[in-house]
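Since the structure comes first, as structure tokens, the remarks are kept for the end.
Counting starts at 1 for both ligands and their atoms, in listed order.
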Amino acid sequence: MTAPRTTPAPVRVALIGAGAVSEYHHVPGLRLDPRARLVAACDSSAELLEKRRAEWDLAFTTTRYEELCARDDIDAVIIATPNDTHLPITLAAAAAGKHVMCEKPLGLNADQVRRMLQACRSAGVVHMTAFTYRFAPAMRYLKHLLQTGALGTPRHFRSQRFLDLPETSWGWRQYRAHAGAGDLFDMTIHRLDFAADLMGPIDRLCGAVATFAPRTQTADGQPCPPSDVDDWSALIGIFRSGATGVWEGTTLAKGYKLGGFGHEWAEVNGSEASAVYRMHDPNRILLGRHGGDLEPVPVPSPFLKPAGSPRDPAQGIPGTVFRYDLAWEFISAIVEGRDAVPSFADGLAAQIAADAVLESFARGTWITLPEPS
Ligand SMILES: NC(=O)c1ccc[n+]([C@@H]2O[C@H](COP(=O)([O-])OP(=O)(O)OC[C@H]3O[C@@H](n4cnc5c(N)ncnc54)[C@H](O)[C@@H]3O)[C@@H](O)[C@H]2O)c1
């Protein structure tokens with residue numbers, strides 16, 4: 001596989017989708033990186049764009065992504081729009097030679113994601129999936145402990161993501177046509193990705209989804225069509241290594257507000273020790289050995305951020321600020337002419353697993369996952 005094309009700094013970046021995640025993750029991340037220039041934005045809402053033009057000091061805005069992709073003063077795009085638009089926007093951006101970071105889930109199904117990966121490879125551009133939690137310090141340290149054998153042989157992986165969210169409308173997120181699936185594609189897909197990153201590929205799985213809240217009202221009391229996606233998802237899986245995995249995610253866990261971050265717990269039980277990542281306390285892990293208890297251990301400084309990142313890990317809310325390193329990795333891959341991590345290939349592997357959860361539940365059977373390519 002040839003490496004993607006190198007683009008020298010400053011890398012001129014455009015955001016496509018100027019909504020919540022662009023505001024919370026991507027703009028602060030780009031602002032921290034002296035090699036990046038946020039020059040333009042596209043959003044289908046002209047009203048939001050007008051607001052963002054002033055807030056983000058943009059040179060160019062448009063409601064049409066085709067117009068943005070046609071410009072030769074833009075090197076890279078970050079796609080942060082509803083899930084059903086990721087495929088056409090990626091195809092347009094790659095055809096125009098733009099490097100692409102796209103939000104998860106990359107598409108509505110694995111076939112769409114294969115087309116996105118192929119288009120970026122053919123165009124020789126960097127492609128990255130915005131799997132945020134790979135950048136959490138505790139996650140980076142857990143991976144190091146596994147790679148160095150500090151936990152012994154990994155045997156079990158366990159992930160819980162419990163949120164206590166209102167039962168009002170999720171907007172586009174609550175319709176299969178726009179989102180593909182609910183909790184499964186919105187939240188559990190991150191956990192399928194970091195599980196594979198820690199434990200290696202998933203071989204087979206057995207999954208289930210359920211929908212409890214009808215969501216027929218918006219937050220301000222307006223009626224809307226009911227949701228047709230899941231708000232609970234779960235699976236058990238067997239990794240190729242023979243290790244086992246258990247995942248559960250829900251937005252309906254009453255009493256799990258926990259400062260707005262909700263409950264996030266991911267752990268590996270190895271033959272020598274257990275280690276735990278928790279999103280609300282990402283600068284510490286819990287570590288326990290045979291016969292003892294899990295105890296908090298600070299994440300050593302080399303794992304608090306990627307090498308070279310200008311972010312000061314002592315600044316800001318720990319559960320928020322590690323997300324800014326997504327932009328650092330994307331820009332680093334572009335200026336160094338290398339693949340980004342996680343790439344669209346990782347987005348495809350997670351999509352294949354998430355699709356298999358739906359298929360497993362529909363057919364009432366275990367599914368052996370196909371090879372990603
Ligand atoms: N990585 C993470 O942790 C994380 C967190 C939140 C959201 N996300 C993902 O980011 C994406 C966006 O989520 P969000 O919460 O920001 O949603 P949002 O609804 O707040 O923002 C999406 C924006 O896209 C715009 N849009 C819709 N169609 C468009 C089109 N064709 N062209 C241009 N703009 C268009 C909308 O007007 C809106 O402003 C989703 O794929 C979501 O799954 C990822």
Could you tell me the residue and atom name of the protein heavy atom closest to [atom], and the distance to it rounded to 0.1 Å?
atom	result
atom 19 (O) of ligand 1	Trp172 NE1, 2.9 Å
atom 38 (C) of ligand 1	Asp43 OD2, 3.4 Å
atom 21 (O) of ligand 1	Gly19 CA, 3.4 Å
atom 31 (N) of ligand 1	Thr85 CG2, 3.9 Å
atom 2 (C) of ligand 1	Thr132 OG1, 3.2 Å
atom 20 (O) of ligand 1	Ala20 N, 3.0 Å

Which residue from [options] reaches closest to [atom] through any of its heavy atoms?
atom	options	value
atom 32 (N) of ligand 1	Thr62, Thr81, Leu49	Thr81
atom 7 (C) of ligand 1	Glu66, Arg173, Lys104	Arg173
atom 30 (C) of ligand 1	Ala80, Pro88, Ser44, Pro82	Ser44

Are [X] and [Y] close enough for a salt bridge, meaning some N to O gap below 4.0 Å?
X	Y	result
Arg204	Glu359	no
Lys104	Asp193	no
Arg338	Glu329	yes
Lys143	Asp197	yes

>> Quick check on salt bridge (charged side-chain N to carboxylate O under 4.0 Å, His left out): which of Arg191, Arg173, Arg161 does Asp186 satisfy it with?
In response: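 Only one of Arg191, Arg173, Arg161 forms a salt bridge (charged side-chain N to carboxylate O under 4.0 Å, His left out) with Asp186, namely Arg173.
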
Under 4.0 Å from a heavy atom of [X]: which atoms of ligand 1 are those, numbered in the order shown and with their elements?
X	result
Asn83	40 (C), 41 (O), 43 (O)
Ala130	1 (N)
His86	41 (O)
His25	2 (C), 3 (O)
Asp186	43 (O)
Gly17	24 (O)
Glu103	1 (N), 2 (C), 4 (C), 8 (N), 9 (C), 10 (O), 11 (C), 41 (O), 44 (C)
His190	1 (N), 2 (C), 3 (O)

>> Is the ring pair His178/Tyr175 parallel, tilted or perpendicular, if the boundaries are 30 and 60 degrees?
In response: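 His178 and Tyr175: perpendicular rings.
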
> Should the ring pair Tyr133 and Phe194 be called parallel, tilted or perpendicular, given that the plane angle runs from 0 to 90° and is split at 30 and 60?
Replying inline: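 Rings of Tyr133 and Phe194: perpendicular, over 60°.
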
> Short N/O distance, under 3.5 Å, between Val21 and ligand 1?
Replying inline: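 In this structure, Val21 places an N or O atom under 3.5 Å from an N or O of ligand 1.
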
> Under the ring-ring contact (aromatic ring centres under 6.0 Å, His included) criterion, do Phe344 and His127 qualify, and how do the steps go?
Replying inline: CA-CA 6 Å; Phe344 277 13; His127 45 87; 5.3 Å; yes

> What pair of heavy atoms forms the shortest contact from Pro28 to Glu23, and how long is it?
Replying inline: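 It is CD-O, 3.2 Å.
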
> What are the two closest non-hydrogen atoms of Pro10 and Asp75, and how far apart are they?
Replying inline: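 Nearest heavy atoms, Pro10 then Asp75: O-OD2, 3.8 Å.
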
>> Suppose we screen for side-chain hydrogen bond (donor to acceptor under 3.5 Å, both in side chains). Which residues come up paired with Thr129, at least two apart in sequence or across chains?
In response: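 Applying side-chain hydrogen bond (donor to acceptor under 3.5 Å, both in side chains) to Thr129 gives none.
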
> Where does Thr63 meet ligand 1, judged by heavy-atom distances below 4.0 Å: at the side chain, the backbone, both, or neither?
Replying inline: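 It is neither; nothing of Thr63 touches ligand 1.
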
> Which bit of Phe185 gets closer than 4.0 Å to ligand 1, counting heavy atoms only: side chain, backbone, both or neither?
Replying inline: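 Phe185 to ligand 1: no contact under 4.0 Å from either part.
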
>> Quick one: does any side-chain atom of Asp355 pair with a main-chain N or O of Ala110 as donor and acceptor, under 3.5 Å?
In response: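 Such a contact is found between Asp355 side chain and Ala110 backbone.
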
